[in-house]
Amino acid sequence: MAAVSLRLGDLVWGKLGRYPPWPGKIVNPPKDLKKPRGKKCFFVKFFGTEDHAWIKVEQLKPYHAHKEEMIKINKGKRFQQAVDAVEEFLRRAKGKDQDLTIPESSTVKGVMAGPMAAFKWQPTVSEPVKDADPHFHHFLLSQTEKPAVCYQAITKKLKICEEETGSTSIQAADSTAVNGSITPTDKKIGFLGLGLMGSGIVSNLLKMGHTVTVWNRTAEKESFSRHLFCAYCEVEHRSRHQCDLFIQEGARLGRTPAEVVSTCDITFACVSDPKAAKDLVLGPSGVLQGIRPGKCYVDMSTVDADTVTELAQVIVSRGGRFLEAPVSGNQQLSNDGMLVILAAGDRGLYEDCSSCFQAMGKTSFFLGEVGNAAKMMLIVNMVQGSFMATIAEGLTLAQVTGQSQQTLLDILNQGQLASIFLDQKCQNILQGNFKPDFYLKYIQKDLRLAIALGDAVNHPTPMAAAANEGLQYGRISNILNFMAYLGLMLYLFT
């Protein structure tokens with residue numbers, strides 16, 4: 001394409017990674033936002049999403065000259081709404097250059113240019129791209145400038161390779177953060193469990209064009225005291241309302257797990273713990289009742305190897321195919337489609353899930369026989385949980401000794417511990433934002449299972465045990481505070 005001269009105020013089509021070209025306007029960036037080094041780029045605010053990012057010049061096309069082309073290759077309600085927003089803007093502007101001032105905010109400071117440079121514009125005319133991910137702005141605005149090196153793994157493709165270590169083969173699939181548009185499988189997909197992780201996964205499956213049927217447990221009516229306890233102790237509510245939100249986006253609703261499995265080719269599940277995973281499969285109207293020869297079941301829950309092995313055996317005994325695929329990440333990464341997937345079991349099923357894994361994650365690993373992914377996931381979460389317990393302890397020690405917590409974070413971010421994870425978590429703590437990306441009770445569950453895994457092979461895990469004790473102490477303190485609060489409520493209302 002011949003070089004096109006662009007300037008401030010121009011309407012453009014901007015392309016980023018696997019997202020479809022989107023209409024936007026070149027605007028002035030916030031004063032505190034540095035321009036990325038390297039190739040020439042413009043700061044673009046996108047219509048319909050309120051997202052904004054630095055976009056390289058070769059990833060931009062003039063709006064009017066390419067409008068018809070883009071409308072032909074892109075479909076979806078959100079895309080049409082964005083185009084309508086541009087036309088409304090043009091009607092209001094009436095030939096005058098209307099400024100789209102972007103309000104400065106603390107989140108804008110976090111825009112990172114590092115990953116942008118690796119994205120390639122690869123439009124495919126024959127394969128219309130579905131609606132853009134509604135969590136697109138989370139990906140753009142959740143990065144930090146300092147530890148850009150940590151995103152090298154995201155911005156380059158991983159070569160497909162296999163390494164034999166005993167009975168375990170490891171495969172790193174291509175990073176989907178740099179893939180173009182995803183061609184969704186023609187298989188019918190089912191998904192059971194719409195919690196913190198499941199909701200983001202289903203959203204991305206739908207946005208990438210998959211046919212999805214969902215099911216979620218409906219919360220029963222609870223007493224006043226139960227509601228108080230839930231609000232205080234981070235208990236996750238599951239309701240039919242969550243399903244309704246996805247139905248509006250094109251999902252279908254299943255009445256029971258058995259019905260979902262019987263009507264879908266591949267059914268995924270993501271629930272909280274071993275008991276929930278077993279109940280989902282073995283309980284009334286459960287997964288097992290819908291399994292027939294050829295039906296596929298993928299358990300994405302983080303559980304122990306014994307549990308996943310038992311589930312695999314009962315699924316296969318009915319002629320079904322089984323894959324375990326727990327995910328590493330949190331709610332935000334789930335929303336962004338940037339999870340890391342650890343899979344084990346039926347290799348053919350792993351390959352059949354390719355487009356689904358690309359939609360929900362940046363990388364997937366195949367680890368061999370059933371049980372290996374569960375073990376690896378527990379080890380990963382053990383390291384993460386122990387790390388976060390240490391960071392929390394360090395921040396509190398800095399506070400009580402009169403040291404600046406912000407300075408501590410700055411020092412850590414300049415050293416070998418620098419990471420996106422560290423910066424995000426610490427910034428949330430310093431800003432008083434304690435909205436959970438991952439519930440405390442679940443990381444405790446993973447620590448307990450990891451400790452049990454070590455015990456089973458006579459391998460001590462003292463650091464994980466210490467972290468678990470620290471987290472348990474924190475939960476006990478919360479419960480004691482809650483009991484005092486509940487006593488006050490009872491006193492006031494009786």
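The figures that follow rest on heavy atoms only: side chains count, while hydrogens, waters and symmetry mates do not.
- Between the Glu324 side chain and the Val308 main chain, no donor and acceptor come within less than 3.5 Å of each other.
- Ile55 is not listed as a side-chain neighbour of Cys41, based on a closest heavy-atom distance of 4.5 Å or more.
- Side-chain atoms of Asn204 come within 3.5 Å of backbone N or O of Asn335 as a donor-acceptor pair.
- Not a single donor-acceptor pair under 3.5 Å links the side chain of Lys61 to the backbone N or O of Val12.
- Judged by distance alone, the side chain of Ser262 and the main-chain N or O of Gly290 form no donor-acceptor pair under 3.5 Å.
- Contact check for Leu342 versus Val327: no side-chain heavy atoms found under the 4.5 Å cut-off.
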Report the C-alpha separation of Phe79 and Trp22 in whole Å, then their side-chain angles, then the decisive distance to 0.1 Å, and conclude whether the ring pair (Phe, Tyr, Trp, His ring centres under 6.0 Å) test is met. CA-CA 7 Å; Phe79 176 80; Trp22 207 259; 5.7 Å; yes
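- One finds the OG atom of Ser328 at 11.0 Å from the CE atom of Met376 (value rounded to the nearest 0.5 Å).
- Between Asp265 and Cys296, the closest side-chain pair of non-hydrogen atoms is not below 4.5 Å.
- When side chains are defined from C-beta on, Met70 does not count as touching Lys15, because their heavy atoms never get closer than 4.5 Å.
- Atom CZ of Phe322 sits about 10.5 Å away from atom CG of Asp346, to the nearest 0.5 Å.
- Defined by atom type and a distance below 3.5 Å, a donor-acceptor pair is missing between the side-chain atoms of Glu259 and Thr263.
- Of the candidates Thr256, Thr213, Leu288, Ile291, Ile291 is the only one forming a side-chain contact (heavy atoms from CB on, under 4.5 Å) with Val261.
- No donor-acceptor pair under 3.5 Å is formed between the side chain of Ser364 and the backbone N or O of Ile341.
- Checked by atom type and distance alone, the side chain of Ser301 never pairs as donor or acceptor with a backbone atom of Val303 at under 3.5 Å.
- Side-chain contact between Asn28 and Lys45 is absent, with no heavy-atom pair separated by less than 4.5 Å.
- Proximity of Leu60 to Phe42: side-chain heavy atoms (C-beta onward) are separated by under 4.5 Å at one or more points.
- Within the 3.5 Å criterion, the main-chain N or O of Met338 finds no donor-acceptor partner in the side chain of Asp336.
- For the pair Met360 and Met197, the minimum side-chain heavy-atom distance is 4.5 Å or more.
- Here the closest heavy-atom approach between residue Pro23 and residue Val83 is recorded as CG-N, 4.3 Å.
- A distance-only check finds a donor-acceptor pair linking the side chain of Lys445 to the backbone of Ser272 [under 3.5 Å].
- Distance alone, capped at 3.5 Å, places no donor-acceptor pair between the Asn413 side chain and the Ala418 backbone.
- A cation-pi contact, defined as under 6.0 Å to the ring centre and within 45° of the axis, links Arg347 to Phe366.
- In this structure, the side chains of Thr211 and Arg252 come closer than 4.5 Å at one or more pairs of heavy atoms.
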Does the salt bridge (charged side-chain N to carboxylate O under 4.0 Å, His left out) test come out yes or no for Glu68 and Lys72, once each step is laid out? CA-CA 6 Å; Glu68 291 186 7; Lys72 286 180 181 179; 5.2 Å; no
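- The aromatic ring centres of Trp215 and Phe191 sit 6.0 Å or more apart.
- Between Arg91 and Glu87 there is no salt bridge, since no side-chain N of the basic residue sits under 4.0 Å from a carboxylate O of the acidic one.
- Of the possible donor and acceptor atoms, one in the side chain of His210 sits under 3.5 Å from a partner among the backbone N and O of Leu205.
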Check against side-chain hydrogen bond (donor to acceptor under 3.5 Å, both in side chains), Asp410 and Gln414: CA-CA 6 Å; Asp410 292 340; Gln414 292 298 321; over 6 Å; no
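- If you look at Trp13 and Tyr63, their ring centroids are closer than 6.0 Å.
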